[in-house]
Number of protein chains: 2
Amino acid sequence: MAEQTTGARPTLEAVAARAGVSRATASRVVNGGAGVRAPLVDKVRQAVEELGYVPNLAARTLVTRRNDAVAVVIAEPEFRIFSDPFFQEQVRGISRELTAHDSQLVLLWVESPGDHDRIARYLGGGHVDGALAFSLHDEDELAAVLRRAKIPTVLGGRPTDGIGPAMPYVDCDNRGGAREAVRLLVDRGCRTVAHLAGPRDQTSAADRADGYRDALGDPDPALVGHGDFTAESGARAMAELLDRRPDVDGVFAANDLMASGALRVLRERGLRVPEDVAVVGFDDVASIAERTDPPLTTVRQDIEGMGRLMVRLLMRVLNEHGSGAPAPDPLITPTTLVRRASA
Amino acid sequence: MAEQTTGARPTLEAVAARAGVSRATASRVVNGGAGVRAPLVDKVRQAVEELGYVPNLAARTLVTRRNDAVAVVIAEPEFRIFSDPFFQEQVRGISRELTAHDSQLVLLWVESPGDHDRIARYLGGGHVDGALAFSLHDEDELAAVLRRAKIPTVLGGRPTDGIGPAMPYVDCDNRGGAREAVRLLVDRGCRTVAHLAGPRDQTSAADRADGYRDALGDPDPALVGHGDFTAESGARAMAELLDRRPDVDGVFAANDLMASGALRVLRERGLRVPEDVAVVGFDDVASIAERTDPPLTTVRQDIEGMGRLMVRLLMRVLNEHGSGAPAPDPLITPTTLVRRASA
DNA sequence: GAGAGGCTTGAGAGCGCTCTCTGGATCGTC
DNA sequence: GACGATCCAGAGAGCGCTCTCAAGCCTCTC
């Protein structure tokens, strides 16, 4: 009781004393109790309860070298991705899988360039076991920070090539999914299939564009419009495309948002979907694809599953860390075509 | 160099050896170098550089009992607030102020009830110096977790009364701001001023409703419509209100979003703003208030500033922690009326 | 009934760091 | 030139925990 009234937090020592056992035994009980006889386990548990004992994580970390915590690093320009359902779903997957591994998610937000030092110190200082980050670019300072901190890292989305030595990543089969989407359009009789591409500097967009070309052989470059994954950019690209090639009868959009923009423009121009122009999107974000008019046929990727895979991959890296094992291969998840009314 | 190739991270001991000084001196240099002669400072700095030394935070925390990290705890139902500009701005303020205090922001996300234990362990385990949380409710399990973890906490937004012993919080002068808004309407000649109230279980909404009543004496209860801070609810409440009291000529909405919904309904019914009905909102979120038609007169609160204040208040609590000082009073920030065209 | 072998438990070292305390060098003063 | 005051550096004691190792106790087997 005295221990409770003094502000000082009780230590394992205090628990051991109260339970009448050694610190070692108390420690064993606190960590699961394997190899300790039942009556002692109970005594220690009771002492923990009475004292309100909570292990000092810093002390534990100091000796085990584990934190049971993983950082998710977000750079400022991407902070808006919080409002992005794609990202929310991925973080949800990460969070759930980390919980399953008894690890804590620590979200680090890099706001200004000045923050890089602080983040590097945090990551390098051993507060977390590993880090997760998203779609790194060549110019990305974050990539350098991560590397400098020498912390096991797994990425979401394939990084651009210039990023340096391979970092393990999880991505979906963007190219294969795109191919399948375009084939669907061709199979249903479309003769002039266009592509509304995403930002050129993002590998996911580039890979989807490659898949489009794969499926079509050597399509007319005029059939490719460019946007930035937003609905507005999809609408604009669609409008320009129709001006260039009024004969277009199939559209593969780089994501659902752009597809929704395209649908709007098609409707405005009096074109029927899918009778006059068939449309396929990518992502299958429920809040978009199911609510467009008509509902969107799209390429589904298991976003939450990818988040979970990132964690599992990181755990593997963590286990192999120091064993001299090579960096694991990237994990590419399959996509599935979800057929709704738009194609 | 040998130290670099072995996977083991260099310790202070290694730095000291390389620089030819004691561990104590090396430590002093790493922590600022006060009281160490220049030549030695240089030698140590160089050794740090060559070895790529990074202090082990766990070891440091173990002795200093400081983490230089603060948790921001978000409960799942509120996760959507990520998309809320209000919240983003507040977190931005928090982040900036923490940086100024050389502290790290750690975002904890409570997803399922099962997470509470884990979060409590994390908070209680001494990974962070303090915690920030938002608008707690009576039934909020999070409040209990925070209290159980016995961790210095500051809240954003006044908690409901049932929350137990006072926790320090930062809030704006909701009641005073509301009063001012209503007075503006009265002063400009409105004779029948209505209020579109927010959710009853949120103190900010309740306080604004109180301010409305303060300014009006004893207004007809039929003049108060109810919503939930969304634009749709504002539209609905406005429509119902017009049906009940077609003579309304002034509206004070509990927030900008509800005001925007109200504006839409007024326009649909052919009522001119502000000529027929004057409207005032609350919050002054730029992305809403400046873009309505007409631009919204509203009560401005300094959201980023409130985030910063939360951190400063927490730092004060941290400094006084254990000194037996009483919990500090809440910080109430003033509001200002921003006059645009709607009133 | 004695020795081998398996379980439990406790003692104690040590994780990497900070910080107090002490000793020695340096400076100023008369 | 001697003394006290001042400054700087090092020694060493922990912070709270885990984990190895050895000792003690049983049980089992021949």
Side-chain angles (χ1 to χ4, degrees), chain A residues 3 6-45 47-48 51-69 121-122 124-127 129 322, chain B residues 3 6-45 47-48 51-69 121-122 124-127 129 322:
Chain A
E3 291 84 348
T6 83
R9 276 171 38 180
T11 69
L12 233 208
E13 188 75 54
V15 172
R18 190 183 191 94
V21 300
S22 72
R23 209 170 58 241
T25 297
S27 172
R28 279 187 272 258
V29 172
V30 168
N31 289 291
V36 178
R37 242 186 293 245
L40 284 195
V41 171
D42 291 345
K43 261 201 258 182
V44 173
R45 292 250 163 88
V48 166
L51 259 30
Y53 170 76
V54 181
N56 179 319
L57 262 26
R60 176 181 287 173
T61 294
L62 185 56
V63 23
T64 60
R65 273 112 204 297
R66 277 184 302 100
N67 288 280
D68 294 327
R121 236 182 310 144
Y122 189 86
H127 261 323
D129 300 323
Chain B
E3 291 86 346
T6 83
R9 277 172 36 180
T11 69
L12 235 208
E13 189 75 55
V15 171
R18 188 180 192 97
V21 300
S22 72
R23 211 172 55 244
T25 298
S27 172
R28 280 188 271 257
V29 173
V30 168
N31 290 291
V36 179
R37 240 186 294 244
L40 285 194
V41 170
D42 290 345
K43 261 201 258 183
V44 174
R45 292 249 162 87
V48 165
L51 260 30
Y53 169 77
V54 181
N56 179 318
L57 263 26
R60 176 180 287 172
T61 294
L62 185 56
V63 23
T64 61
R65 274 111 202 300
R66 278 185 302 100
N67 289 281
D68 294 327
R121 237 183 308 144
Y122 189 85
H127 261 323
D129 300 323

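Here the structure is a predicted model, which means the values were calculated and not measured.
Partners of Ala19(B) under the side-chain contact (heavy atoms from CB on, under 4.5 Å) rule, at least two apart in sequence or in another chain, are Val21(B), Lys43(B), Val44(B), Ala47(B). Applying the salt bridge (Lys or Arg N to Asp or Glu O under 4.0 Å) rule to Arg23(B) yields the partners Glu13(B); only residues at least two apart in sequence or on another chain are considered. Under the side-chain contact (heavy atoms from CB on, under 4.5 Å) criterion, Arg37(B) pairs with Pro39(B), sequence neighbours left out.
Rounded to whole Å, atom C1' of dT18(D) lies 9 Å from atom CZ of Arg60(A). To the nearest angstrom, C1' of dG16(D) lies 11 Å from CG of Leu57(A). Arg66(A) has its CZ atom 15 Å from the P atom of dC17(D), to the nearest Å. Straight-line distance from the CG atom of Leu62(B) to the P atom of dC19(C): 12 Å, rounded to whole Å.
Side-chain nitrogen and oxygen atoms of Ser27(B) include at least one within less than 4.0 Å of the OP1 or OP2 phosphate oxygen of dT18(C).
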Checklist entry - Reading nucleotides 4-14 of chain C 5' to 3', which nucleotides get B (base under 4.0 Å from a protein heavy atom), which S (sugar-phosphate only), which -? => result ----SBBBBB-
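The Ala59(A) side chain lies nearest to dG16(D) when the options are dG16(D), dC19(D), dT18(C).
Sorted by first and then second residue, the side-chain hydrogen bond (donor to acceptor under 3.5 Å, both in side chains) pairs with a member in residues 51-67 of chain B read Asn31(B)-Arg60(B), Arg66(B)-Asp68(B), Asn67(B)-Asp129(B); sequence neighbours excluded.
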Next on the checklist: Go through it in stages, so that I can follow the logic: the residues are Val29(A) and Leu40(A), the test is side chain to side chain contact (heavy atoms under 4.5 Å, CB included), and I'd like the CA-CA distance, side-chain angles, deciding distance and then a yes or no.
Outcome noted: CA-CA 9 Å; Val29(A) 172; Leu40(A) 284 195; 5.9 Å; no
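Relative to the axis of its first five pairs, the axis of the last five pairs of the helix from dG1(C)-dC30(D) to dC30(C)-dG1(D) sits at 40°, rounded to 10 degrees.
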